[in-house]
Amino acid sequence: MSLFDCTCEATSGHARALTYETAHGSFQTPMFMPVGTSATVKGVTVGQLNDLKSQVVLANTYHLSLRPGADVVEEAGGVHGFSHYDGPMLTDSGGFQVFSLADTVKLDDDGLTFRSIYDGSKVRWTPETNMAIQEQLGADIAMQLDQCAPYPAEKAFVAKAVDLSAKWARRCLTAHQRADQTLFGIVQGGMHLDLRLDSIRLLREIEDESLAVGGRRFGGFGIGGYSVGEDHEVMFETLGDVARACPEDRPRYLMGVGNPTTLVRAVREGVDMFDCVLPTRTARMGTAFSSAGRMNMRNAKFTRDFGPLDPTCTCPTCQNHSRSYIRHLVKQNEMLGGILLSIHNLHYLLDLMRRAREAVLADSYEEFYGEWMASPAAKDY
Ligand SMILES: [Zn+2]
């Protein structure tokens, strides 16, 4: 196997089980990627991530390039050396954060100008400078700079975002040089299937042009611009057709989605990779995923409940601590409460995707899906 080889071991319906090679080991899909915004999965140590058998960890270009700065991270040996995580890592482009965090962002055909949320300083990104930053950060997978249209938006606006994202995809693919890092293109187009298919066609043309002149192709296809406020049923109207229009021989990564049932359904539509802050963010708010659906651990009914958080879960939190103790920690704002719930919630999604993979390998994904949808956990979107 050579770097960025993608092998499909099995399919079950549209669901796939892939193995993908990176310089920091291979990863297997379907897969959920914990988000480590500032090169840390909040509250969880690298040792704990390894114990959870986490595969790819995501880090955020917006935050790391502003604090501590890409040059500092580079000097520390990139995101791997800096964070001491030696498994595969992915950086997003930060474009999504520019649009969602910055009060003032100026967009032109050539790039983005925005003010740092940390000190208000003016920052300018072009596709080329963004690639240079992600190469400094040195994750195994970089994402192209793109424009994610808000929801709802006029179709003409979404079409312009598809066009601009494709122009930037071409420039990113040309600018990207680092041999031990691959670049994923990003499909945009909002909830419009025709625009989504245009976006995929443009990305494929761009990589064909690149290959024709001895350049590289995209290492995978990100699917952005979903889960931006629409109802999940709206996403599923187009997601399957979009996923399956992406190349078969590389991963399809649905960006920013982490609800358990959405994952189970999206895998069935042919999606391979997911990331979301949901498991750790909800954990810090005192919420646990569980086989009985989501649980608010602040609830008084857990005061004298000395049973495990989720009796079906094998994570360290559920093996060692009671609902009563976790409720107490959460109510007292003890930091361990958020930590224990983060470990549990991450395990929940990582394990869910491991079981999804086993079902694909056994060609029994429809049974797995049917059992999930009939379970109390299925209401968890
Ligand atoms: Zn657990």
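Every number for a ligand or one of its atoms is a count from 1 in the order of the listing. Note that the structure is predicted; figures quoted are calculated from it, not measured.
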Which pairs would a plain distance check flag for residues 151-160, meaning a side-chain donor or acceptor within less than 3.5 Å of a matching protein atom at least two apart in sequence or in another chain?
residue	atom	partner	partner atom	Å
K155	NZ	D194	OD1	3.3
K155	NZ	D194	OD2	2.8

Protein N, O or S atoms at less than 2.8 Å from the Zn ion (ligand 1), how many?
-> 4

Taking only residues two or more places apart in sequence or in another chain, which ones pass salt bridge (Lys or Arg N to Asp or Glu O under 4.0 Å) with D198?
-> R201

Mutual orientation of the aromatic rings belonging to F218 and F221 [parallel < 30°, tilted 30-60°, perpendicular > 60°] | perpendicular

Report yes or no: do D71 and Q136 form a side-chain donor-acceptor pair below 3.5 Å?
-> no

Contacts of D305 that satisfy salt bridge (Lys or Arg N to Asp or Glu O under 4.0 Å) - sequence neighbours left out | R323

Mind checking whether Y348 and F289 have parallel, tilted or perpendicular rings, split at 30° and 60°?
-> tilted

